[in-house]
Number of protein chains: 2
Amino acid sequence: MEAKELLKQHISKTVRLTDEQFDYVFSHFKVQSYKKGQVIVSDGQKVDHEYFVVSGCLKAFYITDEIKMYILQFAMPTWWTSDYGALYNQTRATINVDCIADAEVLQLSNENREKLCSELHQVEHFFRWRTNKGYLASQKRLLSFMNNDTKARYEELLAMYPQLYNLVPKHLIAAYLGVSRETLSRLYNNHK
Amino acid sequence: MEAKELLKQHISKTVRLTDEQFDYVFSHFKVQSYKKGQVIVSDGQKVDHEYFVVSGCLKAFYITDEIKMYILQFAMPTWWTSDYGALYNQTRATINVDCIADAEVLQLSNENREKLCSELHQVEHFFRWRTNKGYLASQKRLLSFMNNDTKARYEELLAMYPQLYNLVPKHLIAAYLGVSRETLSRLYNNHK
DNA sequence: GAGCTTACGTGACCTACATCACATTCGTAT
DNA sequence: ATACGAATGTGATGTAGGTCACGTAAGCTC
């Protein structure tokens with residue numbers, strides 16, 4: 001599906017916009033393509049945009065001590081991603097975003113989002129709901145973290161995104177689950 | 001400080017409202033008092049309100065298998081709490097909220113929030129930002145969970161809310177950190 | 001004040017997972 | 001096809017934290 005149409009359908013699930021309104025909104029986005037491995041948001045840099053994924057897959061992740069990586073989010077089509085802390089507070093990025101599989105995205109600048117939100121009440125409403133869904137997803141993941149063991153979380157993840165199994169290297173799945181790649185490997189090769 | 005004044009200051013940090021507008025907004029809230037131990041949102045019940053804490057302390061928590069409890073949030077003054085999943089999606093509660101220390105709260109119904117949001121653009125803006133802050137806090141906690149050991153998370157929590165140390169029984173702190181009360185006990189009694 | 005419940009401390013033991021080390025397989029560029 | 005780096009499998013070993021068990025102290029309730 002075309003980028004514009006995908007965004008239109010996505011937004012229309014939350015708010016009603018006329019075609020003219022949507023065209024106006026869409027004019028504030030910019031289509032962008034990334035190759036596998038390309039860096040989109042980089043630790044320590046300024047962050048000016050958020051990204052709506054049209055195709056492919058991105059990851060948002062945090063690096064500790066230059067050594068360990070924790071994945072906050074695999075961004076699949078119709079998901080939004082960025083370093084929202086840096087974006088909203090106009091600080092330097094602490095989160096990285098890069099491209100796992102060749103991707104097409106729609107980028108929206110912080111400035112344009114706030115402009116659209118103030119010009120169109122429905123757009124503000126849309127972003128409130130989108131953020132709310134993100135909040136709920138994050139809360140759910142936190143609970144799953146406290147409550148379930150690694151195996152259960154692994155199965156939960158694959159049940160939710162079966163595509164990940166083939167799309168994403170296993171060590172990245174481990175980094176999402178918050179365990180070492182060795183543990184994950186033993187887990188599904190079932191060495192009891 | 002009086003409830004009304006506290007809410008006014010809280011909102012004014014994000015958006016400007018005239019006195020008339022604020023009075024109108026405030027007229028949709030209801031002052032409510034709870035005693036220590038009182039249940040506010042209960043697993044399996046309908047959820048119609050969210051709560052702005054004026055004084056005291058609430059906790060939002062999840063129960064597994066009727067046995068284990070995980071605390072999602074200690075709600076201190078100027079914090080909002082509820083089962084937002086159930087509230088926004090109009091489903092039954094899966095989260096509980098109760099009162100840790102005698103509390104005064106302002107309750108706002110889901111209906112009134114949506115009404116205010118659609119009537120006053122600034123109110124919608126306020127709630128978008130509030131939710132965004134919650135999202136960022138949740139993401140930060142998730143990272144801390146993956147990254148830090150129990151001791152570091154314990155110290156992080158107390159650094160952020162020193163009041164908790166005296167206000168809240170230790171086993172609830174443990175339930176927030178996601179460890180057993182025994183582990184927490186050994187931790188700060190420093191049995192190496 | 002007696003009795004009960006809730007909070008907390010601490011020892012013994014067990015388990016899930018981390019870490020390190022090394023082998024093997026896969027993917028991509030030449 | 002060859003070659004090299006990245007991804008993955010797997011063994012050995014260490015450790016944080018869970019679970020169970022029991023004991024003490026501190027609040028409530030009658």
Side-chain angles (χ1 to χ4, degrees), chain A residues 35-39 57 59 61-71 74 98-102 142-158 164-192, chain B residues 35-39 57 59 61-71 74 98-102 142-158 164-192:
Chain A
K35 287 280 169 201
K36 180 176 173 175
Q38 242 184 302
V39 173
C57 184
K59 69 175 194 280
F61 59 104
Y62 180 77
I63 302 276
T64 333
D65 316 325
E66 318 270 320
I67 294 176
K68 288 188 193 163
M69 174 180 62
Y70 296 106
I71 293 181
F74 291 116
D98 70 13
C99 185
I100 296 183
D102 293 3
L142 190 63
L143 269 182
S144 176
F145 230 93
M146 297 203 270
N147 197 10
N148 302 130
D149 64 11
T150 303
K151 186 168 190 188
R153 296 207 311 284
Y154 174 65
E155 281 159 6
E156 191 176 57
L157 177 67
L158 287 189
L164 285 181
Y165 189 83
N166 296 312
L167 189 62
V168 172
K170 305 277 174 282
H171 74 273
L172 293 184
I173 306 258
Y176 181 91
L177 297 173
V179 296
S180 69
R181 56 170 201 82
E182 292 95 331
T183 295
L184 182 63
S185 169
R186 283 183 248 269
L187 205 67
Y188 56 72
N189 288 313
N190 201 27
H191 286 265
K192 202 165 24 261
Chain B
K35 286 282 169 200
K36 180 176 173 176
Q38 244 186 298
V39 173
C57 184
K59 68 174 193 280
F61 58 105
Y62 180 76
I63 302 277
T64 333
D65 316 324
E66 319 268 320
I67 294 176
K68 288 189 192 163
M69 174 180 64
Y70 296 107
I71 293 180
F74 291 115
D98 70 12
C99 185
I100 296 184
D102 294 3
L142 190 63
L143 268 183
S144 176
F145 230 93
M146 297 202 271
N147 198 10
N148 303 130
D149 64 12
T150 303
K151 186 168 191 192
R153 296 207 310 284
Y154 174 65
E155 280 159 7
E156 191 175 56
L157 177 66
L158 286 190
L164 285 181
Y165 189 82
N166 296 312
L167 190 61
V168 170
K170 306 277 175 282
H171 72 273
L172 294 185
I173 307 257
Y176 180 91
L177 297 174
V179 295
S180 69
R181 56 170 202 81
E182 292 95 331
T183 295
L184 181 63
S185 169
R186 282 184 248 269
L187 206 66
Y188 56 73
N189 289 314
N190 202 28
H191 286 265
K192 197 161 33 256

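Just so it is clear, the values below take in all heavy atoms, side chains as well, and ignore hydrogens, waters and symmetry mates. Chain letters run A, B, ... following the sequence lines, proteins first and then strands; every chain starts at 1.
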_Residues which pass salt bridge (charged side-chain N to carboxylate O under 4.0 Å, His left out) with B:D149, listed by chain and number, not counting sequence neighbours_ = none
_Can you list everything that forms a side-chain hydrogen bond (donor to acceptor under 3.5 Å, both in side chains) with A:T150? Sequence neighbours excluded, please._
none
*Do the side chains of B:L184 and B:H171 get nearer than 4.5 Å, heavy atoms only?*
no
*Which residues satisfy the ring pair (Phe, Tyr, Trp, His ring centres under 6.0 Å) test with B:F61, sequence neighbours excluded?*
none
*DNA chain C contacts made by residues 165-173 of chain B, counting heavy atoms under 4.0 Å*: B:P169, B:K170, B:H171
*Side-chain contact test, heavy atoms from C-beta onward, threshold under 4.5 Å: evaluate it for B:V168 versus B:Y176 and give yes or no.*
no
*Integer-rounded Å distance: D:dG18 P and B:L187 CG*: 10 Å
*Nearest 0.5 Å please: distance from the NZ atom of A:K170 over to the CD atom of A:E182.*
15.0 Å
*Do the rings of A:Y188 and A:Y154 sit parallel, tilted or perpendicular, given the 30° and 60° boundaries?*
parallel
_Nucleotide-resolved protein contact map, nucleotides 19-30 of chain D, B/S/- at heavy-atom distance under 4.0 Å_ = BBB---------
_Separation of D:dA16 P from B:R153 CZ (nearest whole Å)_ = 14 Å
_Between D:dG18 (P) and A:N147 (CG): distance, integer Å_ = 13 Å
*Does the side chain of B:Y62 come within less than 4.5 Å of A:N147's, by heavy atoms?*
yes
*Contact class for A:G37 (heavy atom, under 4.0 Å): base, sugar-phosphate, or nothing?*
nothing
*Verify the contact: side-chain N or O of B:Y188 to OP1 or OP2 of C:dC8, cut-off strictly under 4.0 Å; return yes or no.*
no
*Round to a whole Å and report the spacing from CG of A:N189 to P of D:dA7.*
18 Å
*Residues in side chain to side chain contact (heavy atoms under 4.5 Å, CB included) with A:N148, at least two apart?*
A:S144, A:A152, A:R153, A:E156
*Rounded to whole angstrom units, what separation is found between the CE atom of A:M146 and the P atom of D:dG18?*
13 Å
*Quick one: A:L184 CG to C:dC17 P, roughly how many Å, whole number?*
11 Å
*Residues in side chain to side chain contact (heavy atoms under 4.5 Å, CB included) contact with B:K68, at least two apart in sequence or another chain*: B:T64, B:Y70
*NZ of B:K59 to SG of B:C99: how many Å apart, nearest 0.5 Å?*
9.0 Å
*Is the distance from OP1 or OP2 of C:dC17 to the nearest side-chain N or O of A:T150 less than 4.0 Å?*
yes
*To the nearest 10 degrees, what angle separates the axes at the start and end of the helix from C:dG1-D:dC30 to C:dT30-D:dA1, five pairs each?*
50°
